[in-house]
Amino acid sequence: MASRTASKDIITLRGSAAIVSDILYNRAVYPEESFTKVKKYGLTMLLTQDEGVKAFIANLTSQLSEWLEAGKLQRIVLVIMSKATNEVLERWNFNIVTDAEVVDKGAIKEKSDKEIMREIQAIMRQIASCITYLPCLDEPCVFDVLAYTDTDVDAPGTWVESDAKLIDNPQMVKLHSFDTKIHKVDTLVSYKKDEWDEE
């Protein structure tokens, strides 16, 4: 049972890494030429070739995997901020609901890898389509990832406590959820209202 759970977690994490990379590409956080199209795990992914970002995502997915397997991860938030001011411009919120029966009791709930990949692909398509109505990020940006865990989790020394990096009066768009039969992931993007939007 552990290997089946781990397998589904790996699929979800690979998809999550692809989603992070896809958001960074679509929101032009890094230059277009620093990404490459790769067909992996049944998905066409736009993966960053920036060594610093690759190392960050590898370390991130390694830690998230540990928390996912223990059922301790509640939410992941990808935050896009102004490089000059650190003002939060967007929050990509991935709320994770873990099936306690699977984690605690080892119950088996089947769902094919193909079904999971289809749901992740749907999320990626929806991210690409929602980019068209998000305000342009017309300044250099940086990103960070926040992980919300159960209170009894000790964070590694390389992780630091952070504020929630919220946006005042944000606009919000709910995206499709996906379900691995171990974790259900609901996605919501909130963004700073464009100053040209009507009041």
Side-chain angles (χ1 to χ4, degrees), residues 3 5-96 98 113 116-117 120-121 123-124 127-128 131 134 137 139-150 153-165 175 178 180 182-183 185 187 189 191:
S3 65
T5 302
S7 167
K8 299 297 185 195
D9 283 344
I10 287 165
I11 290 163
T12 306
L13 284 170
R14 286 174 180 164
S16 299
I19 289 168
V20 167
S21 200
D22 204 49
I23 292 168
L24 297 178
Y25 171 81
N26 280 299
R27 300 308 287 143
V29 175
Y30 290 91
E32 185 175 347
E33 58 272 9
S34 69
F35 292 85
T36 187
K37 265 189 187 180
V38 179
K39 185 91 171 170
K40 268 187 167 180
Y41 320 117
L43 298 167
T44 299
M45 300 180 180
L46 287 159
L47 298 180
T48 180
Q49 297 306 300
D50 181 286
E51 291 303 323
V53 177
K54 282 166 66 174
F56 178 87
I57 291 175
N59 290 334
L60 176 71
T61 53
S62 172
Q63 183 58 61
L64 295 182
S65 176
E66 184 181 314
W67 289 334
L68 273 173
E69 285 182 33
K72 302 287 186 181
L73 188 62
Q74 300 171 359
R75 186 175 359 148
I76 303 165
V77 181
L78 172 67
V79 181
I80 298 177
M81 302 168 287
S82 162
K83 187 174 186 176
T85 65
N86 277 339
E87 179 185 15
V88 178
L89 304 174
E90 292 178 6
R91 292 179 92 246
W92 294 78
N93 187 65
F94 301 90
N95 191 50
I96 300 163
T98 302
D113 293 354
I116 295 167
M117 289 302 177
I120 292 170
Q121 285 173 327
I123 291 277
M124 292 176 78
I127 288 168
I131 298 303
L134 291 176
L137 297 175
E139 61 182 298
C141 293
V142 293
F143 80 100
D144 201 0
V145 176
L146 310 177
Y148 291 76
T149 62
D150 292 352
V153 170
D154 289 324
T158 54
W159 288 61
V160 294
E161 291 285 329
S162 171
D163 64 273
K165 299 193 185 304
L175 305 181
F178 67 93
T180 67
I182 299 164
H183 306 100
V185 182
T187 309
V189 59
Y191 57 95

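We use all heavy atoms of the structure for the numbers below, so side chains are in, but hydrogens, waters and symmetry mates are not.
In this structure the side chain of Val53 reaches within 4.5 angstrom of the side chain of Leu24, judged on heavy atoms. Using a 4.5 Å cut-off on side-chain heavy atoms (C-beta onward), Ile80 and Val29 make contact.
Judged as a ring-ring contact (aromatic ring centres under 6.0 Å, His included), and not counting sequence neighbours, the contacts of Phe143 are Phe56. Scanning for side chain to side chain contact (heavy atoms under 4.5 Å, CB included) contacts around Leu46 gives Asp22, Tyr25, Lys37, with sequence neighbours left out. With sequence neighbours left out, the side chain to side chain donor-acceptor pair (under 3.5 Å) criterion links Thr85 to Ser82. Under the salt bridge (charged side-chain N to carboxylate O under 4.0 Å, His left out) criterion, Lys83 pairs with no residue at all, not counting sequence neighbours.
The list of ring pair (Phe, Tyr, Trp, His ring centres under 6.0 Å) pairs with a residue in residues 68-90, not counting sequence neighbours, is empty. Annotation: salt bridge (Lys or Arg N to Asp or Glu O under 4.0 Å) contacts involving residues 84-94, sequence neighbours excluded, comprise Arg27-Glu90, Glu87-Lys192.
Scanning both residues, Asp150 and Gly71, for their nearest heavy atoms gives OD2-O, 3.8 Å. In terms of heavy atoms, Leu146 sits closest to Ala164 at CD1-O, 3.5 Å. Contact record, Ala147 with Trp159: CB-CZ3, 3.6 Å, taken as the closest heavy-atom pair. Here the closest heavy-atom approach between residue Asp163 and residue Lys165 is recorded as OD2-N, 2.8 Å.
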